[in-house]
Amino acid sequence: SRSYSAVRIPGRNGQLYLDNGNWEPTTIQYQCSAYNGLKSSMQNFLAAISAVPGYHELIDDWHPGYYRRAFLTAGTPVDAFADRHGSFTLSFTARPEKWLVTPDVELTGSGTLTNPTHYNAKPVIKLEFSTITASGSFTISRMVNGAVADQWTIEYTDIQGDLELDCENMNFTMTDGTENANPYVTVTATEVSGDINMEFPFFPADSEIQIAAANASKVTVTPRWWTL
């Protein structure tokens, strides 16, 4: 569900709801069964799934072609099991997005993509260069009827190895993600349509997006298309 903040105003009935511009996390539950050696199997399973903290990809057969980012928040204690067959419930806290399972898109210099969803996507864009140090610029444009509706221009100087833009984290890195590139990059937004927030690059919903990076030998895009 969409995230709102409730505000009470003295002297007025009801509440004012302010849209926070994001979505609430969700809970995913699975009813599970196991047979033969249940206790030892559960010990191994819970140890593996909890070994690394944070979000992990969650894939199931009920939503083919999609995955979530989630972490385990509740499961039946292992001590509750005898070493035989039984059923149990696993609960995960998940981000609200269901991401589409799609391959990375590789472009040579420039190319276009179409956002197939009704939601703005925040991709990862990686530029590779044929020179040791690179300076130049590239653009990300929202196209409408073959014309530029909105555009971001990203200028960079003295980039070592490659340049990677993570639109969700609003961050630039270089040298295979090992070095901070933000001091060497400038982002300029040219808003033509006036109907989107252009604070930082993203792929607008239901839109054709053009990437033009003439100085790059290869551009790899992880689109991160998603829905609810």
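Excluded from the calculations below are hydrogen atoms, water molecules and symmetry mates; all remaining heavy atoms, backbone and side chain alike, are included.
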- Message: If we count only N and O atoms by modelled type, under 3.5 Å, do the side chains of Thr190 and Gln151 hold a donor and an acceptor together?
- Response: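 Their side chains do not contain a donor-acceptor pair, so the 3.5 Å distance test is not met.
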
- Is there a donor in the side chain of Asn22 and an acceptor in the side chain of Ser3, or the other way round, less than 3.5 Å apart?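 The criterion, which ignores hydrogens and geometry beyond distance, is satisfied for Ser3 and Asn22.
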
- Query: Is there a donor-acceptor pair under 3.5 Å between the side chain of Thr139 and the backbone N or O of Ser141?
  - Reply: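 Judged by distance alone, no pair lies under 3.5 Å.
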
- Is a side-chain donor or acceptor of Ser207 paired with a backbone partner of Ala205 at a separation under 3.5 angstrom?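 Answer holds: yes.
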
- Message: Out of the candidates Leu72, Thr73, Ile28, Thr26, only one should pair with Thr93 under the side chain to side chain contact (heavy atoms under 4.5 Å, CB included) rule; please name it.
- Response: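 Testing Thr93 for a side chain to side chain contact (heavy atoms under 4.5 Å, CB included) against Leu72, Thr73, Ile28, Thr26 leaves exactly one candidate, Thr73.
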
- Message: So for atom OH, which belongs to Tyr67, do other residues, nucleotides or ligands contribute more than 12 heavy atoms lying within a distance under 6.0 Å?
- Response: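 Yes, enclosed.
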
- Task: Answer yes or no: does atom CD1 of Ile132 have more than 12 heavy-atom neighbours from other residues, nucleotides or ligands under 6.0 Å?
- Result: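 Not buried by this count: 12 neighbours or fewer within 6.0 Å.
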
Kindly give the heavy-atom pair with the smallest separation between [X] and [Y], and that separation in Å.
| X | Y | value |
| --- | --- | --- |
| Trp62 | Asp60 | N-OD1, 3.0 Å |
| Pro223 | Ala121 | O-CB, 3.6 Å |
| Asn215 | Ser137 | ND2-N, 4.0 Å |
| Ala212 | Ser110 | CA-CB, 3.7 Å |
| Ala70 | Leu58 | CB-CD2, 3.9 Å |

Taking the six-membered ring for Trp and the full ring for Phe, Tyr or His, determine whether the centres of [X] and [Y] are under 6.0 Å apart.
| X | Y | result |
| --- | --- | --- |
| Phe71 | Tyr55 | yes |
| Trp225 | Phe203 | yes |
| Phe202 | Trp152 | yes |

If I take atom [atom1] from residue [X] and atom [atom2] from residue [Y], how far apart are they, to the nearest 0.5 angstrom?
| X | Y | atom1 | atom2 | answer |
| --- | --- | --- | --- | --- |
| Glu164 | Thr173 | CD | OG1 | 4.5 Å |
| Arg68 | Ile59 | CZ | CD1 | 12.5 Å |
| Thr117 | Arg224 | OG1 | CZ | 14.0 Å |
| Asp166 | Ile125 | CG | CD1 | 10.0 Å |
| Glu155 | Phe138 | CD | CZ | 11.0 Å |
| Leu127 | Phe172 | CG | CZ | 9.5 Å |

- Residue pair Asn182, Asn171: steps toward the side-chain contact (heavy atoms from CB on, under 4.5 Å) verdict: CA-CA 7 Å; Asn182 292 304; Asn171 190 49; 2.6 Å; yes

Heavy atoms, side chains only, cut-off 4.5 Å: are [X] and [Y] in contact?
| X | Y | result |
| --- | --- | --- |
| Pro64 | Asp61 | no |
| Pro201 | Val187 | yes |
| Thr27 | Gln29 | yes |
| Asp158 | Met174 | no |
| Tyr119 | Trp226 | yes |
| Thr186 | Thr157 | no |

- Query: Are any of the side-chain nitrogens in Glu24 or Arg2 under 4.0 Å away from the carboxylate oxygens of its partner?
  - Reply: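 No, no charged N to carboxylate O under 4.0 Å.
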
- To which residues is Tyr4 joined in a hydrophobic cluster, defined by side-chain heavy-atom contacts under 4.5 Å among Ile, Leu, Val, Met, Phe, Trp and Tyr, whether direct or through other members?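 Tyr4 clusters with Tyr17.
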
- Query: Does Met143 sit in a hydrophobic cluster with other residues, and if so which ones, taking ILVMFWY side chains as linked at heavy-atom separations under 4.5 Å, directly or through other members?
  - Reply: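 Its cluster mates, by chain and number, are Val148.
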
- Task: Check the pair Thr89 / Tyr30 against side-chain contact (heavy atoms from CB on, under 4.5 Å), numbers first and verdict last.
- Result: CA-CA 6 Å; Thr89 301; Tyr30 297 100; over 6 Å; no

- Arg142 and Ile209: side-chain contact (heavy atoms from CB on, under 4.5 Å), yes or no, with the steps? CA-CA 5 Å; Arg142 182 168 74 105; Ile209 299 98; 5.5 Å; no

- Message: Side-chain heavy atoms nearer than 4.5 Å, only ILVMFWY residues, links allowed to pass through others: does that put Val124 and Met170 together?
- Response: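 Val124 and Met170: separate clusters.
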
- Message: For Val221 and Leu113: C-alpha separation, side-chain torsions, deciding distance, then whether side-chain contact (heavy atoms from CB on, under 4.5 Å) applies.
- Response: CA-CA 10 Å; Val221 182; Leu113 305 88; 4.1 Å; yes

- Item | Verdict with reasoning, Lys218 to Asp162, per salt bridge (charged side-chain N to carboxylate O under 4.0 Å, His left out) | CA-CA 10 Å; Lys218 186 171 82 171; Asp162 56 68; over 6 Å; no

Side chains of residues 96-106: which donor-acceptor pairs under 3.5 Å do they make with residues two or more places apart or in other chains?
from	atom 1	to	atom 2	distance (Å)
Glu97	OE1	Arg95	NE	3.1
Glu97	OE2	Arg95	NH2	2.7
Asp104	OD1	Thr222	OG1	3.0

